[in-house]
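Please read the structure below before turning to the comments.
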Amino acid sequence: QLQFVESGGGLVQPGGSLRLSCAASGFSLNYYGIGWFRQAPGKEREVISVISSSSGSTNYADSVKGRFTISRDNAKNTVYLQMNSLKPEDTAIYLCAADEYNYFFPLFSDYAKAPWKYWGQGTQVTVSS
């Protein structure tokens, strides 16, 4: 059975850090491109970071660039999102998605329109004092 499970969310104060994990079972992430997304109440789902399966190249939304880092550990079949200098506007449900196809879009926001094949259930991140 294929599963894709996020963890690591929680409540953190502004300026704090969290590391989210996205663990796969039933399939190997080695050959999948991965995306991290978030959705805040009343807002559309936003893509925030992607990492390719082949070169491991990464890309980020402007809103998180310099603060968030995506990485993958193929041996653990897990992808991570290290989030530093968190802001209240980072509050959202964070989800990861995977696809065998390594998408590439010149316009970063178009990654959100791609038909990602596997989705996790999401983990809540709340940034508040």
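- By the 4.5 Å heavy-atom criterion applied to side chains, N77 and R72 are not counted as neighbours.
- In this structure, F104 is a member of the same hydrophobic cluster as V47, with clusters built from ILVMFWY side-chain heavy atoms closer than 4.5 Å.
- Considering NZ of K87 and CZ of R67, their distance stands at 4.5 Å, rounded to 0.5 Å.
- In the hydrophobic clustering of ILVMFWY residues, with side-chain heavy atoms under 4.5 Å counting as a link, Y118 and Y94 come out together.
- Distance OG/S109 to CD1/I48: 14.0 Å, rounded to 0.5 Å.
- No continuous path of ILVMFWY side-chain contacts below 4.5 Å connects F37 to F4, so the two sit in separate hydrophobic clusters.
- Judged purely by distance below 3.5 Å, without hydrogens or angles, the side chains of N102 and S52 never pair a donor atom with an acceptor atom.
- Clustering ILVMFWY residues whenever any of their side-chain heavy atoms sit less than 4.5 angstrom apart, transitively, puts L95 in the very cluster that holds Y103.
- No continuous path of hydrophobic side-chain contacts links Y80 to I70 [ILVMFWY only; heavy atoms under 4.5 Å].
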Could you pull out every donor-acceptor pair under 3.5 Å between side chains of residues 13-28 and any protein atom, sequence neighbours left out?
residue : atom : partner : partner atom : Å
S17     : OG   : N84     : OD1          : 2.9
S28     : OG   : N30     : N            : 3.2
S28     : OG   : N30     : OD1          : 3.1

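- In this structure, Y31 has no ring-ring contact (aromatic ring centres under 6.0 Å, His included) partners at least two apart in sequence or on a different chain.
- Aromatic ring centres of F108 and Y111 lie closer together than 6.0 Å.
- For the residue pair E46/S63, the side-chain donor-acceptor check at 3.5 Å is satisfied.
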Dump the intermediate steps for side-chain contact (heavy atoms from CB on, under 4.5 Å) on Y32 and V79, then the final yes or no. CA-CA 11 Å; Y32 286 75; V79 175; over 6 Å; no
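- In this structure, R45 is not positioned above the aromatic face of W36 in the sense of NZ or CZ being under 6.0 Å from the six-membered ring centre and within 45° of the axis.
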